[in-house]
Number of protein chains: 2
Amino acid sequence: MSNKTEAVRQKPEKPIDKKDVEILKLLQEDANIATADIAERINMSQSPCWRRINQFEKDGVIKQKVCLLDRNKLGMELVVFASINLNTINRKTLEEFEKRIVAFPEVVECYTMTGMIDYMLKIVAKDIQHYEQFVRNNLAEIPNIREIHSHVSVTEIKMTTQLPLDTQL
Amino acid sequence: MSNKTEAVRQKPEKPIDKKDVEILKLLQEDANIATADIAERINMSQSPCWRRINQFEKDGVIKQKVCLLDRNKLGMELVVFASINLNTINRKTLEEFEKRIVAFPEVVECYTMTGMIDYMLKIVAKDIQHYEQFVRNNLAEIPNIREIHSHVSVTEIKMTTQLPLDTQL
DNA sequence: GCTGAAACCGATAGGAA
DNA sequence: TTCCTATCGGTTTCAGC
């Protein structure tokens with residue numbers, strides 16, 4: 001049985017080429033960098049470099065190219081980490097919860113957790129009033145929630161979308 | 001005194017034009033969408049649309065254009081939220097802590113918090129062994145840390161960089 | 001202010017070494 | 001394979017409305 005047939009592999013066997021890592025690092029910093037620039041920086045000519053990038057897009061290693069906006073300049077001062085526990089946990093309740101969570105634009109991230117917490121959410125809101133309203137009118141309306149713990153952030157010290165390719169690959 | 005002189009305004013007085021919101025929404029989804037396409041979708045012609053986008057870039061509302069990579073396809077299975085408390089808090093200790101935190105590529109986000117926690121970190125690692133190593137060799141080496149609480153995520157339910165422009169502006 | 005056209009620049013593909 | 005060239009499409013600017 002061949003090993004390259006699975007659509008999503010959790011653990012890639014290939015330890016990824018060094019030049020590939022360089023390419024991905026540059027693209028994580030700036031999606032609009034010219035192929036020629038990347039090629040030059042990693043001592044490669046355009047065409048092969050372009051083909052590698054293209055392959056990453058096909059493979060879904062590069063998921064998307066997006067614009068990152070300045071939260072504060074848009075008047076969204078609040079980031080809240082909310083830990084949530086449910087009353088009863090079974091397939092139905094989990095699916096229902098997740099379906100409703102995903103639909104809220106204010107919830108920018110959601111993870112299931114090990115340990116004492118069932119879910120961890122990252123929520124963005126304009127200010128504390130808007131957050132309160134969101135919890136009351138939207139979040140708390142989801143059935144089966146037992147506990148919500150809100151951890152409110154004051155200042156953003158670091159925020160990047162760049163994965164630690166250097167140290168973790 | 002004019003009001004447009006401050007470099008960073010926390011609360012913009014301008015409630016941002018509806019068409020501008022549409023533009024930003026589209027760019028949050030796809031950084032490579034053609035200006036002509038945006039213009040068409042919001043019933044505007046290219047040039048003024050382009051000028052608005054350009055202004056957003058100048059103003060820093062659009063911070064950067066980046067490629068988002070697939071964490072799992074790169075073999076980074078772990079996201080950890082680590083809450084941290086320091087022993088003594090003063091300007092020196094805070095600045096020292098933040099300076100060292102920012103330098104770790106594994107720490108992708110860091111916030112100061114209200115309430116019981118001093119800092120909340122979001123950390124990305126290959127697996128639990130790598131995370132343990134990172135905490136031992138890097139994080140715990142920062143002086144003045146009293147407590148680290150690690151909240152380990154299992155599954156990513158939602159993850160977006162899109163700010164809730166519709167509901168929070 | 002908006003529109004439409006024209007010039008420029010870079011990405012993509014194909015062909016030669 | 002890499003290099004080089006042609007084509008295509010998008011961005012950007014500018015003249016006219």
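Note that the structure is predicted; figures quoted are calculated from it, not measured.
In the set dT13(D), dT11(D), dT2(D), the nucleotide with an atom closest to the side chain of W50(B) is dT13(D).
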* What's the verdict on ring pair (Phe, Tyr, Trp, His ring centres under 6.0 Å) for Y119(B) and F97(B), showing C-alpha distance, side-chain angles and the deciding distance? -> CA-CA 10 Å; Y119(B) 288 98; F97(B) 176 82; 4.3 Å; yes
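Taking the six-membered ring for Trp and thresholds of 30 and 60 degrees, H151(A) and H149(A) have nearly parallel ring planes, at less than 30 degrees apart.
R91(A) meets the salt bridge (charged side-chain N to carboxylate O under 4.0 Å, His left out) test with E95(A); sequence neighbours excluded.
In this structure, I38(B) reaches neither bases nor backbone, as no heavy-atom distance under 4.0 Å exists between it and the strands shown. Within 4.0 Å (heavy atoms only), P48(B) reaches at least one base atom of the nucleic acid.
Around CD of E40(A), the count of heavy atoms belonging to other residues, nucleotides or ligands within 6.0 Å does not exceed 12.
Of all non-hydrogen atoms in C49(A) and T35(A), the two that sit nearest each other are SG-O, 4.2 Å.
Between S47(A) and dC3(D), a side-chain N or O to OP1/OP2 separation shorter than 4.0 Å is absent.
Along DNA chain C, the stretch of nucleotides lying under 4.0 Å from any heavy atom of chain A spans, 5' to 3', dA11(C) to dG14(C).
Of the residues in residues 24-32 of chain A, none lies under 4.0 Å from DNA chain D by heavy-atom distance.
A side-chain donor-acceptor contact under 3.5 Å links N144(B) and T88(B).
For K158(A) and E98(B), the salt-bridge test fails: no basic side-chain N is under 4.0 Å from an acidic carboxylate O.
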